[in-house]
Amino acid sequence: MFRTLANAWKIPDLKKKLLFTLFIVLIYRVGACLPVPFVESGALLDSFDSSSILGFVSILSGSAFEYSTLFALGVSPYITASIVIQLLTIAIPALERLAKRGEEGKDKIAQITRYITIAISIITGIGYYFLLRNYGAIRKDYTGVFFAFVIVACFVAGSSLVMWLAEKVNEKGIGNGISIILFANIVSRVPSALIGFIANLVNSIGGAKVSDLVFSIVYPICYLILLLAMMWFIIYITDSERRIPVQYAKKVVGRKMYGGQSSNLPIKLNMTGVMPIIFANAILTLPATIAMFFDAPEEGTFWHGFLNIFASTSWVYVILQFVLIVAFAYFYVAISFNPIEVSGNLQKNGGSIPGIRPGKATSDFISKVLSRITLIGALFLSIVSVLPLVIHLIMSYIPVVKDYSGMFSSIAFSGTSIIIVVGVILETVRDMEAQMTMRHYKGFLE
């Protein structure tokens with residue numbers, strides 16, 4: 001990875017793309033720190049739990065959500081809009097035909113996605129305004145309609161600017177814009193997490209209870225081992241692939257014979273990357289987003305219990321996340337990989353899978369292999385994402401460690417965060433390697 005980055009830095013075009021991407025990330029981080037007028041920045045800080053849904057939204061926004069800054073909505077509206085447009089593309093024939101028109105169709109689909117993003121930003125911004133008002137984050141002198149319009153307009157403008165920055169990374173930078181921004185947001189919380197850990201360790205050492213000191217030492221060691229094991233597992237699965245053998249027929253052109261070569265059709269074990277996790281969490285945050293419009297329900301009421309079901313401290317949430325990740329993995333593969341098209345391309349180029357007839361039999365065989373591979377990849381994503389949540393829930397039931405739940409609450413969404421970080425790094429490195437290879441062959445041909 002470091003060698004690839006060093007080599008990319010020596011190529012002028014890639015160097016410009018890397019600098020452009022870093023510049024976009026810098027702009028985003030500056031916007032994530034800009035306060036919104038009439039809002040007391042940081043007023044929600046004490047109300048956020050790192051293991052709650054809103055805490056996870058704050059992680060994805062780089063703490064901008066809990067500090068109520070310009071980019072508080074982050075990339076969530078854009079991701080939700082992408083999910084909506086992909087679902088509508090399958091459900092509405094007109095959009096499906098539009099998506100198959102090449103670059104012109106893709107541009108129109110992208111334009112529709114932007115409009116949906118703005119609409120979702122307006123709805124989310126209004127809900128976020130009510131959340132701020134309910135928690136007293138808006139000053140009493142600024143509760144009129146005009147001030148509400150200004151606050152919501154700032155959040156919508158910030159979300160639109162984040163969408164524009166992500167698209168600029170796709171156009172002129174390296175990697176996927178949404179993934180790069182999510183990566184920057186998660187990494188930006190590392191320094192504050194280290195400072196908090198050191199502060200807790202110092203307080204435990206200065207305390208009189210030996211148990212506090214033991215947990216302060218044992219917990220980070222176990223946490224670090226878990227993180228390293230998960231990172232190794234993620235990298236191993238991400239780089240794994242199923243190679244279907246392909247044999248090309250021999251053909252004579254003039255006096256020369258072409259073909260007759262053996263190749264393979266590689267299918268990645270994790271073709272979807274981190275998108276199923278992002279989609280699943282976007283769906284699971286909908287109840288909390290809708291709840292922003294209303295006052296917090298009283299304890300013991302139906303709506304209080306309903307919202308608790310969708311809290312990350314609930315087993316229902318864990319099960320729903322597991323199921324949704326698997327479902328979205330199959331959905332994402334279905335819209336991004338077409339076995340019939342692959343089979344047709346193989347047949348046109350004189351290729352065939354040994355022991356499988358060309359045509360429908362080949363597409364059925366590829367679909368069967370793809371289904372099994374997708375299941376393994378989906379289970380991998382689900383287990384890595386849900387495992388920290390399960391550990392957090394189990395530890396909260398153990399009386400010995402229940403008093404130290406605050407010390408390990410940060411592991412709740414560490415699986416998802418690690419998958420995003422490692423996935424973005426691997427995806428960006430592969431993108432750089434592909435561009436360097438392309439330039440190498442281009443220079444060779446010239």
Side-chain angles (χ1 to χ4, degrees), residues 78-93 95-100 105-106 109-110 113 170 175-176 178-179 182 233-246 264-284 320-347 351 353 356 359-386 415-416 419-420 422-424 426-428 430-431 434:
Y78 191 32
I79 293 172
T80 306
S82 300
I83 298 174
V84 171
I85 197 64
Q86 288 177 355
L87 292 174
L88 292 178
T89 301
I90 298 176
I92 302 177
L95 287 177
E96 186 177 0
R97 292 192 298 268
L98 187 63
K100 295 179 179 179
K106 290 181 179 179
I109 291 292
T113 304
N170 295 336
N176 181 275
I178 293 294
S179 301
L182 287 175
F233 183 60
I234 292 169
I235 295 173
Y236 178 78
I237 295 295
T238 303
D239 290 338
S240 300
E241 62 184 17
R242 167 77 157 86
R243 297 178 181 178
I244 301 176
V246 177
N264 60 73
L265 177 65
I267 300 179
K268 283 287 186 182
L269 194 60
N270 181 24
M271 295 180 60
T272 59
V274 300
M275 296 310 296
I277 295 178
I278 296 174
F279 288 171
N281 284 292
I283 296 298
L284 289 174
L320 285 176
Q321 186 177 24
F322 188 95
V323 173
L324 285 176
I325 291 175
V326 174
F328 275 116
Y330 274 97
F331 168 75
Y332 196 80
V333 170
I335 64 175
S336 61
F337 191 95
N338 189 348
I340 299 177
E341 184 178 349
V342 173
S343 174
N345 292 334
L346 287 176
Q347 190 171 5
I353 300 174
I356 306 296
K360 187 177 184 302
T362 299
S363 63
D364 291 343
F365 176 78
I366 295 175
S367 299
K368 184 178 180 181
V369 173
L370 185 64
S371 178
R372 295 176 178 177
I373 293 298
T374 303
L375 178 61
I376 297 174
L379 290 177
F380 148 72
L381 289 175
S382 299
I383 291 172
V384 174
S385 180
V386 168
T416 302
I419 291 179
I420 293 175
V422 175
V424 171
L426 293 177
E427 180 184 356
T428 305
R430 282 197 295 265
D431 189 10

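Keep in mind that this is a model prediction, so the values were computed, not measured. By convention here, the first residue in the shown sequence is residue 1.
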Least distance between heavy atoms, [X] atom then [Y] atom:
{"X": "Ser363", "Y": "Ile340", "value": "CB-CA, 4.0 Å"}
{"X": "Arg242", "Y": "Ile373", "value": "CB-CD1, 3.6 Å"}
{"X": "Gly359", "Y": "Ser343", "value": "O-OG, 2.9 Å"}

Whether the side chain of Tyr330 engages the backbone of Ile325 through a donor-acceptor N/O pair (distance < 3.5 Å, no angle test) should be reported.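 Such a contact is absent between Tyr330 side chain and Ile325 backbone.
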Heavy-atom donor-acceptor pair, Thr89 side chain to Ile85 backbone, under 3.5 Å: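 The answer is yes, because a donor-acceptor pair under 3.5 Å joins these two groups.
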If you measure from [atom1] on [X] to [atom2] on [Y], what distance do you get to the nearest 0.5 Å?
{"X": "Phe328", "Y": "Leu381", "atom1": "CZ", "atom2": "CG", "value": "13.0 Å"}
{"X": "Ser82", "Y": "Ile178", "atom1": "OG", "atom2": "CD1", "value": "6.5 Å"}
{"X": "Ile383", "Y": "Phe233", "atom1": "CD1", "atom2": "CZ", "value": "6.5 Å"}
{"X": "Ile267", "Y": "Arg243", "atom1": "CD1", "atom2": "CZ", "value": "12.0 Å"}
{"X": "Ile109", "Y": "Leu98", "atom1": "CD1", "atom2": "CG", "value": "4.5 Å"}
{"X": "Lys106", "Y": "Thr113", "atom1": "NZ", "atom2": "OG1", "value": "13.0 Å"}

Taking the side chain as everything from C-beta on, heavy atoms only, tell me whether [X] gets closer than 4.5 Å to [Y].
{"X": "Phe331", "Y": "Pro276", "result": "no"}
{"X": "Thr362", "Y": "Lys360", "result": "no"}
{"X": "Ile244", "Y": "Phe365", "result": "yes"}
{"X": "Leu265", "Y": "Ile366", "result": "yes"}
{"X": "Asp364", "Y": "Lys368", "result": "no"}
{"X": "Leu269", "Y": "Phe380", "result": "no"}

Ser382: which of Val323, Val326, Leu324 passes side chain to side chain contact (heavy atoms under 4.5 Å, CB included): Val326
From CA spacing to verdict: side-chain contact (heavy atoms from CB on, under 4.5 Å), Asn264, Val246: CA-CA 5 Å; Asn264 60 73; Val246 177; 5.6 Å; no
Ile92 CD1: over 12 foreign heavy atoms closer than 6.0 Å: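 Enclosed.
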